[in-house]
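Let me begin by presenting the structure, written as structure tokens, before commenting on it.
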Amino acid sequence: MTIRDKLHDFFTKGKISMGFGKSLANITDDPRVNLPVSEITRIREDLDYYSDVFADVHFYNTNNERRQRKLSTLSVTHQAARKLASVIFNEQVTVSVTGENIDTFINSVLTDNLFNLKYEEYLETGIATGGFAIRPYVDNNKIKLAWVRADQFVPLQSNTNDIQSAVIVNRTTKSENNKTVWYSLLEFHEFDGISEETITNELYRSENVGEIGQQVNLTVLDEFADLPEQVIISDIVRPTFAYFKTPGKNNKSIESPLGIGIVENNKHVINAINTAQDQFHREVKLGKRRIAIDGSLMKPSTSHAGDESNQGYPVFDTDDDVFMQVGKTKDGKPIIEDLTNDIRVQQYNDSLQVFMREFENNIGLSQGTLSTDATKSDKTATEVVSDNSETYRTRSSYITQVEKQIKELIISIVQLATKPELFDNQKAPLSVDLVNNPLEINLHFDDGVFVDKDKQLEEDLKVAIAGFMPKKQFLMRNYGLSEDDADKWLAELQSEAPETDNMLDEHAGMLGGNDGDDNTDNGGGNDE
């Protein structure tokens with residue numbers, strides 16, 4: 001740090017300590033932030049839909065009293081996001097980088113951070129809210145990954161094609177004098193678009209959960225006391241964060257670089273699904289058996305032996321709520337009438353399925369993914385694959401964005417790994433010139449249920465026999481073997497080649513046996 005920077009930090013800390021630091025009601029009040037407030041509000045509402053947080057239902061009961069109750073929902077946003085995340089990314093995804101040292105290092109970082117597991121979880125929230133970010137950082141000489149939700153990530157000056165500068169918001173609560181106080185750490189990442197990124201850390205305190213608050217020194221909280229106010233990372237090719245954006249245009253804010261999730265254009269459908277579910281649940285709850293009877297029938301005047309209290313009989317169970325006491329009929333005769341109505345199961349189910357199918361169509365899921373399809377269980381694997389074609393097309397769009405983010409993340413990780421000043425021992429794990437030698441990164445996504453495995457095996461066998469697919473690739477593709485295990489299989493098959501003489505020639509050739517012409521003397525030797 002230069003003398004000029006030290007003087008700047010000294011006077012900045014003094015100004016903040018004296019209470020002259022910035023005060024922000026919203027994150028968008030900072031002049032560096034170029035984002036409409038509506039985008040922040042939209043993301044928070046999307047999270048409520050994903051979390052299934054809805055306002056209570058208010059109603060008037062039979063006595064005209066205003067009451068309220070919880071809304072009964074289906075958590076359809078969470079179901080849809082989870083379904084999409086599971087078919088887009090799963091544990092079978094593999095990452096490889098050209099260069100043995102780099103590949104080993106990257107995979108060790110991803111493994112240490114439980115990348116495959118965490119990525120699917122955050123992809124789920126990103127699908128619902130429009131995006132999320134990953135930021136690698138160095139901690140105890142190891143590269144860790146910080147996962148940033150959509151409500152914690154706010155772009156700065158940027159275009160609609162890419163986000164190169166952003167502020168990451170990390171909120172925490174403390175109890176001070178029996179009062180809850182909110183602290184917000186604002187982490188500004190400003191990339192110059194060429195080779196340098198400036199990271200500025202600012203801490204704010206507020207007694208109102210809805211505000212960022214007044215700027216305070218980082219030393220106010222022990223966990224941020226050692227955090228530098230500003231760090232400059234030079235000789236890099238991209239920002240130190242990687243952002244995932246859901247495919248498609250943000251039609252709610254055309255100029256916004258943020259993605260838009262499955263909630264925003266489907267709130268009316270989700271509300272309709274929840275309304276149908278809530279009314280059906282209410283009807284089931286209130287549709288119990290009810291029998292109206294004359295009150296005089298509850299206490300007959302005739303007593304029986306052993307009835308010391310002279311209450312009469314019959315005696316009803318104290319938990320019985322089937323019978324309802326009403327007045328006498330006009331003719332003075334006692335009344336016994338069953339008031340129970342049939343529950344409209346079919347009508348509500350039909351309504352739910354209509355709304356579910358509309359929701360599936362809007363977010364790009366195949367019919368029957370969330371809605372009920374009674375015929376689906378009777379279909380063949382090929383028919384199921386065909387039915388999932390719409391989901392497969394949607395998956396392909398998402399994978400493009402997923403692949404972009406993961407490749408950018410790997411580049412960001414390698415950038416940090418080449419900076420010795422970020423490590424306690426002043427030794428960088430890698431030495432890579434990313435400007436002149438860009439990384440070659442390959443990702444393999446498992447197609448899962450979208451591939452008919454039996455059909456694939458049959459077709460691949462034909463191609464391999466014809467000589468257009470390597471045997472190793474055939475084993476890896478159809479039996480899930482690693483490259484090393486496939487090599488072992490082939491070596492064992494080669495050693496067992498003499499035992500394949502009684503097999504069909506083309507199958508023997510697949511297993512490394514003879515060439516199909518046992519009568520030819522290729523060696524030129526003498527027959528005995």
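If you read the sequence from its start, that first residue is 1, and numbering goes on from there. Computed from a predicted structure; not experimentally measured.
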Taking all non-hydrogen atoms of both residues into account, name the closest pair between P257 and L35 and its distance.
CD-CD1, 4.4 Å
Should we count NZ of K252 as having more than 12 external heavy atoms under 6.0 Å?
yes
Exam field: side chain N113 to backbone V109, donor-acceptor pair closer than 3.5 Å:
yes
Please determine whether side-chain contact (heavy atoms from CB on, under 4.5 Å) holds for the pair N201 and E229, giving the CA-CA distance in whole Å, both sets of side-chain angles, and the decisive distance to 0.1 Å.
CA-CA 5 Å; N201 296 304; E229 291 190 355; 5.7 Å; no
Would you compute the distance between atom CH2 of W182 and atom CD1 of I212 and round it to the nearest 0.5 angstrom?
12.5 Å
Could you check Q215, E176, Q214 and say which one makes a side-chain hydrogen bond (donor to acceptor under 3.5 Å, both in side chains) with R205?
E176
Which atom of V269 lies closest to which atom of N362, heavy atoms considered
CG2-ND2, 3.9 Å
State, with a plain yes or no, whether a side-chain heavy atom of V220 is found less than 4.5 Å away from one of Y183.
yes
side-chain contact (heavy atoms from CB on, under 4.5 Å) between F241 and E197, worked out
CA-CA 11 Å; F241 60 83; E197 180 180 34; 4.3 Å; yes
Under 3.5 Å: donor-acceptor pair, side chain of N361, backbone of R357:
no
So does K267 have more than 12 non-hydrogen atoms from other groups sitting under 6.0 Å from NZ?
yes
Decide, yes or no, whether a salt bridge links E223 with K174 under the criterion of side-chain N to carboxylate O below 4.0 Å.
yes
Less than 4.5 Å apart, any side-chain heavy atom of T246 and any of Q401?
no
Let me confirm one number: the NZ-CD distance from K407 to E440, rounded to the nearest 0.5 Å.
10.0 Å
Going by heavy atoms in the side chains, are Y348 and V284 under 4.5 Å from each other?
no
Nearest 0.5 Å, please: how far is NE2 in H444 from CD in E403?
11.5 Å
With a 3.5 Å distance limit and no angle check, can you tell me whether D192 reaches the backbone of I194 through a side-chain donor-acceptor pair?
yes
Can you find a heavy atom in the side chain of F244 that is under 4.5 Å from one in the side chain of I406?
no
Could you check T172 against L221 for side-chain contact (heavy atoms from CB on, under 4.5 Å), going step by step and ending with a plain yes or no?
CA-CA 10 Å; T172 184; L221 295 182; 4.1 Å; yes
Do the side chain of S184 and the main chain of Y204 share a donor and acceptor less than 3.5 angstrom apart?
no
From CZ (F355) to CG (N271), nearest 0.5 Å
10.5 Å
Whether the side chain of R282 engages the backbone of S72 through a donor-acceptor N/O pair (distance < 3.5 Å, no angle test) should be reported.
no
Return yes if some donor-acceptor pair links the side-chain N/O of E264 with the main-chain N/O of D46 below 3.5 Å, else return no.
no
Quick one: are L218 and L185 in side-chain contact, heavy atoms under 4.5 Å?
yes
So, S366 side chain and E390 main chain: donor-acceptor pair closer than 3.5 Å or not?
yes
Within 6.0 Å of CD in E91, more than 12 heavy atoms from elsewhere
yes
Mind checking whether T129 and V263 have side chains closer than 4.5 Å, heavy atoms only?
no
Would you check if K404 and D162 make a side-chain contact, meaning some heavy-atom pair closer than 4.5 Å?
yes
Centroid-centroid distance, F132 to Y119, less than 6.0 Å
yes
Using atom types as modelled and distance alone, determine if a side-chain donor or acceptor of N26 lies under 3.5 Å from a backbone N or O of T28.
no
Before accepting this row, confirm whether a basic side-chain N of the pair R44/D48 lies closer than 4.0 Å to the acidic partner's carboxylate O.
no
Residues, nucleotides or ligands: over 12 heavy atoms within 6.0 Å of H78 NE2
yes
Could D30 and K22 be called an ion pair, given the rule that one side-chain N must be under 4.0 Å from one carboxylate O?
yes
What closest approach, in Å, do V345 and F280 show between heavy atoms, and which atom pair accounts for it?
CA-CE1, 3.9 Å
Does E45 pair with R42 as a salt bridge, N-O distance under 4.0 Å?
no
Run the salt-bridge test on R69 and D56 with the 4.0 Å N-O cut-off and return the result as yes or no.
no
Any ion pair linking E202 and R32 (charged N to carboxylate O, less than 4.0 Å)?
yes
Taking C-beta and beyond as the side chain, do V414 and V97 meet within less than 4.5 Å on heavy atoms?
no
When you measure from the side chain of E120 to the backbone of N90, do you find a donor-acceptor pair of N or O atoms at a distance under 3.5 Å?
no
In this structure, CD1 of I43 is separated from OG of S38 (nearest 0.5 Å) by 9.5 Å
L84 and L365: CA distance, side-chain angles, deciding distance, side-chain contact (heavy atoms from CB on, under 4.5 Å) verdict:
CA-CA 8 Å; L84 279 169; L365 286 176; 3.6 Å; yes
Heavy-atom nearest pair, I363 first then A80, reads CD1-CB, 3.6 Å
Which heavy atom of V57 sits nearest to which heavy atom of D278, and what is that distance?
CG2-OD2, 4.4 Å
CD/Q353 to OG/S351 distance, rounded to the nearest 0.5 angstrom?
9.5 Å
If only atom types and distance count, is the side chain of S371 paired as donor or acceptor with the main-chain N or O of Q367 below 3.5 Å?
no
So which heavy atom on I88 is nearest to which on F445, and how close?
O-CD2, 3.7 Å
